[in-house]
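Accompanying notes for the structure given below.
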Amino acid sequence: MKTSIRILSLAVLALTMAACSNDMEQPTAVQPAPGNAGEGIPFSATISTGSATTRALKEEKGTIISTWAKDEQVALIHNGVVDVMTAGDPDETTGNVTITGTLSVTPKNNDDVIVVYPASAVDKDKKAVKPSLLTTQDGTLTTIATSLNLRQSDGATFKVGELTATLNGTVTLANQIAIVKFSLSDGNNALAAKKFVIKDGSDNVLTTVTPSTPASDLYVAMAPATAATFRLEAIDGTFLYIYEKSGVTIEKGKYYQSPVTLDVVEETIDVSASGFSGTYDGQPHGISVTVASPTGAVVKYGTTEGKYDLDTSPEYTDAGNYTVYYQVTKDKYTTVTGSAEVKISKADMTVSATDYTGTYDEKAHGITVIAPTGATVKYGTSASSCTEASLTYTDADTYTVYYEVTKDNYNTVTGSAEVKIAKAAGSISYGDDKVEKKVSDSAFKNETLTMTSDATATVSYSSDNINVATVAADGTVTILSTGTATITATVTSSTNYSYSPDYAQYTLTVKSPNSVGESGGYTNAGDPISNN
């Protein structure tokens with residue numbers, strides 16, 4: 001089993017400053033030169049590459065020749081700023097070079113400073129080496145020399161004079177990278193790569209080399225690593241070639257020459273995938289992945305992109321949209337990943353609704369909704385308020401009842417129907433249609449009045465001859481004089497009954513106190529005394 005050790009990220013090389021000071025012995029700040037207030041002070045110092053040999057200007061007999069070039073730029077990181085200095089003519093004997101420029105912030109004696117070459121390697125906002133410095137290369141010594149050949153000082157400090165500043169002693173820049181010359185082949189011939197990718201054991205890309213023209217010899221600046229695993233991938237425009245090796249150690253400041261034979265990935269995997277699109281039918285559905293070639297490829301599935309832990313496609317029954325991811329692999333073949341969808345639409349329900357039509361019978365009535373088993377029916381008085389489990393009515397009237405039918409995996413069905421309750425036939429009548437009374441009789445109430453039991457009806461009474469008798473609101477008759485009067489009871493309103501006719505009557509005859517009936521005795525024959 002291979003042990004994968006992640007290659008140190010260049011972020012490990014990011015520069016940090018730790019300025020140490022003693023409050024009791026603070027050096028006196030040097031004032032800027034006259035006329036340059038707020039612009040710092042002139043700076044000049046000698047720096048050296050020492051014995052370093054990774055300044056990749058050219059290769060001679062298996063060795064990288066390192067020299068300075070005039071006008072190259074060096075960065076100084078100090079006091080929260082980055083200043084860029086320019087190199088003068090190098091001393092070919094010592095390898096030293098003088099860098100000059102102006103400090104934007106005036107330092108104090110013995111302030112810490114980090115010297116970095118090349119200046120382009122420094123992120124001026126973060127005041128540190130760019131973490132992505134080595135991620136993109138072109139495979140040439142020239143680019144490494146000017147942009148990637150990272151070197152920096154260790155423990156440098158300022159020496160500040162009255163009007164100028166320099167460094168304490170000659171500062172030596174130490175290499176922070178290694179250079180590896182990869183000579184690529186397929187085992188028989190040189191492999192001219194259009195693209196060369198170096199990954200670590202976790203398949204993370206460390207650098208991508210894209211030469212201006214296909215090349216088999218590529219110079220690559222690399223970060224130091226110990227017992228690491230590297231995966232190399234080369235593309236010649238037609239095929240993918242790979243090589244992997246574990247336990248590799250790369251030291252900074254070293255130049256390595258690595259002939260590498262890569263295995264060709266003979267062809268890509270021919271894969272097609274199809275999803276499912278249909279209406280809910282209660283059956284499980286998944287995607288289908290077909291590998292036309294090569295044989296023996298392994299197909300894995302997953303519900304999350306990048307995670308393929310299922311041997312068969314996951315299947316879905318409920319309505320919804322589902323994305324299934326797949327990965328097809330085979331040794332020395334390019335891994336194929338993709339996805340397809342399972343789209344299950346909600347089915348339609350068969351729902352019917354029936355009105356209720358009938359006559360008032362003192363019972364509650366509602367509409368009838370017939371829905372599939374397991375469906376939920378809700379009712380309401382408006383289309384937007386279907387929240388009732390049931391909705392019924394008793395009184396005569398016409399009511400619109402709205403309904404909503406829901407069921408998992410089915411489209412919601414809404415609609416309305418009516419409850420129509422007609423008024424029942426009501427009746428009102430007097431058992432006696434003729435009543436005789438004497439003028440001296442007390443008030444009375446005709447107890448023979450009968451009508452349909454109707455709590456909402458209102459009965460009013462009237463007399464057509466109020467000189468003979470009057471009627472109170474409760475039907476009590478008060479006799480006033482002899483004569484006849486028609487007493488009428490009228491139903492004036494009712495919620496649940498319809499009266500036809502809507503009244504009942506009887507005739508009241510009022511006689512004098514001495515009247516004799518037909519059984520015998522005296523009858524009224526007029527007044528014999530009066531001459532009227």
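Listed by chain and number, the residues in a side-chain hydrogen bond (donor to acceptor under 3.5 Å, both in side chains) with D355 amount to none (sequence neighbours excluded). For the side-chain hydrogen bond (donor to acceptor under 3.5 Å, both in side chains) test, residues two or more places apart in sequence or in another chain that qualify with K300 are D311.
No hydrogens or angles considered: nothing links the side chains of S293 and D270 as a donor-acceptor pair under 3.5 Å. For the residue pair N409 and D318, a side-chain donor N or O sits within less than 3.5 Å of a side-chain acceptor on the partner. N96 and T46 are not linked by any side-chain donor-acceptor pair at a separation below 3.5 angstrom, with hydrogens and angles left out of the test. Under 3.5 Å, the side chains of D217 and S183 contain a donor-acceptor pair of N or O atoms.
The environment of D154 atom CG is sparse: at most 12 non-hydrogen atoms of other residues, nucleotides or ligands sit within 6.0 angstrom. For D408, the CG atom is loosely surrounded, since the number of other residues' heavy atoms within 6.0 Å does not exceed 12.
Smallest separation of non-hydrogen atoms from P224 and K252: CG-CB, 3.7 Å. Residues M349 and V405 share a closest heavy-atom pair of CE-O, 3.4 Å. Here the shortest heavy-atom pairing between A228 and A225 reads CB-CB, 3.9 Å. What you find for A87 and I99 is that their closest heavy atoms are CA-CG2, 4.0 Å. Contact record, A156 with V115: CB-CG2, 4.5 Å, taken as the closest heavy-atom pair. When all heavy atoms of I250 and A223 are compared, the closest pair comes out as CG2-O, 4.2 Å.
Panel note: side chain S185, backbone L191; no donor-acceptor pair is recorded below 3.5 Å. At distances below 3.5 Å, not a single donor-acceptor pair connects side-chain atoms of T143 with backbone N or O atoms of T140. The closest donor-acceptor contact from the side chain of K127 to the backbone of D125 lies under 3.5 Å. Remark: the backbone N or O of A221 is paired with a side-chain donor or acceptor of Q137 at under 3.5 angstrom. Remark: the backbone N or O of I287 is paired with a side-chain donor or acceptor of S313 at under 3.5 angstrom. Side-chain atoms of N109 come within 3.5 Å of backbone atoms of V160 as a donor-acceptor pair (strictly under, hydrogens ignored). Listed for the K130 side chain is a donor-acceptor partner under 3.5 Å among the backbone atoms of S120. Of the possible polar contacts, one joining the Q176 side chain to the A174 backbone as a donor-acceptor pair under 3.5 Å is found. T166 places a side-chain N or O within 3.5 Å of a backbone atom of S44 that can act as its donor or acceptor partner. Between the side chain of K407 and the backbone N or O of T373 there is at least one donor-acceptor pair closer than 3.5 Å.
Using a 30° and 60° split on the angle between ring planes, F43 and F158 fall in the perpendicular class, above 60°. Under the 30°/60° scheme for interplanar angles, the aromatic rings of Y316 and Y322 are found to lie parallel.
Remark: of the listed residues T207, L134, I198, I198 is the sole one forming a side-chain contact (heavy atoms from CB on, under 4.5 Å) with M222.
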Problem set entry | Criterion side chain to side chain contact (heavy atoms under 4.5 Å, CB included) on T102 and D83, from CA distance to verdict | CA-CA 8 Å; T102 301; D83 288 324; over 6 Å; no
Exercise. Are L163 and I41 close enough, and set up right, to give a side chain to side chain contact (heavy atoms under 4.5 Å, CB included), and what steps lead you there?
Worked result: CA-CA 7 Å; L163 299 177; I41 60 175; over 6 Å; no
Problem set entry | side chain to side chain contact (heavy atoms under 4.5 Å, CB included) assessment of K181 paired with Y255 | CA-CA 8 Å; K181 178 183 179 182; Y255 172 53; 3.5 Å; yes
For this session: Show the numbers, then the answer: is there a side chain to side chain contact (heavy atoms under 4.5 Å, CB included) between V264 and D186?
Result: CA-CA 7 Å; V264 62; D186 62 6; 5.8 Å; no
For this session: Could you go through the side-chain hydrogen bond (donor to acceptor under 3.5 Å, both in side chains) check for D236 and Y241 one step at a time?
Result: CA-CA 8 Å; D236 66 357; Y241 300 81; 3.2 Å; yes
Problem set entry | Working for ring-ring contact (aromatic ring centres under 6.0 Å, His included), residues Y280 and Y410 | CA-CA 8 Å; Y280 171 77; Y410 289 86; 5.6 Å; yes
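Proximity of Y403 to V351: side-chain heavy atoms (C-beta onward) are separated by under 4.5 Å at one or more points. The shortest side-chain heavy-atom distance between H78 and D111 does not fall under the 4.5 Å cut-off. Two residues are said to be in side-chain contact when any heavy atoms from C-beta on lie closer than 4.5 Å; V180 and F182 meet this criterion. In this structure, L133 and L148 have side chains that are in contact, with non-hydrogen atoms separated by less than 4.5 Å. When side chains are defined from C-beta on, T414 counts as touching E404, because their heavy atoms get closer than 4.5 Å. Using a 4.5 Å heavy-atom cutoff, the side chains of T136 and T208 are not in contact. Inter-residue side-chain proximity for I269 and P294 is flagged as met; some heavy-atom pair is nearer than 4.5 Å. Annotation: side chain of I367 is in contact with side chain of Y379 (closest heavy-atom distance under 4.5 Å).
Y219 OH to L141 CG: the interatomic distance, rounded to the nearest 0.5 Å, is 5.0 Å. To the nearest 0.5 Å, the span separating CG on L173 from OH on Y117 amounts to 10.0 Å. The line from OG1 of T337 to CD of E305 is 7.0 Å long, rounded to the nearest 0.5 Å. The distance from atom CD1 of I235 to atom OG1 of T334, rounded to the nearest 0.5 Å, is 8.0 Å. Distance CG/N110 to NZ/K159: 10.0 Å, rounded to 0.5 Å. The OG1 atom of T100 lies 8.0 Å from the CE atom of M85; values are rounded to the nearest 0.5 Å.
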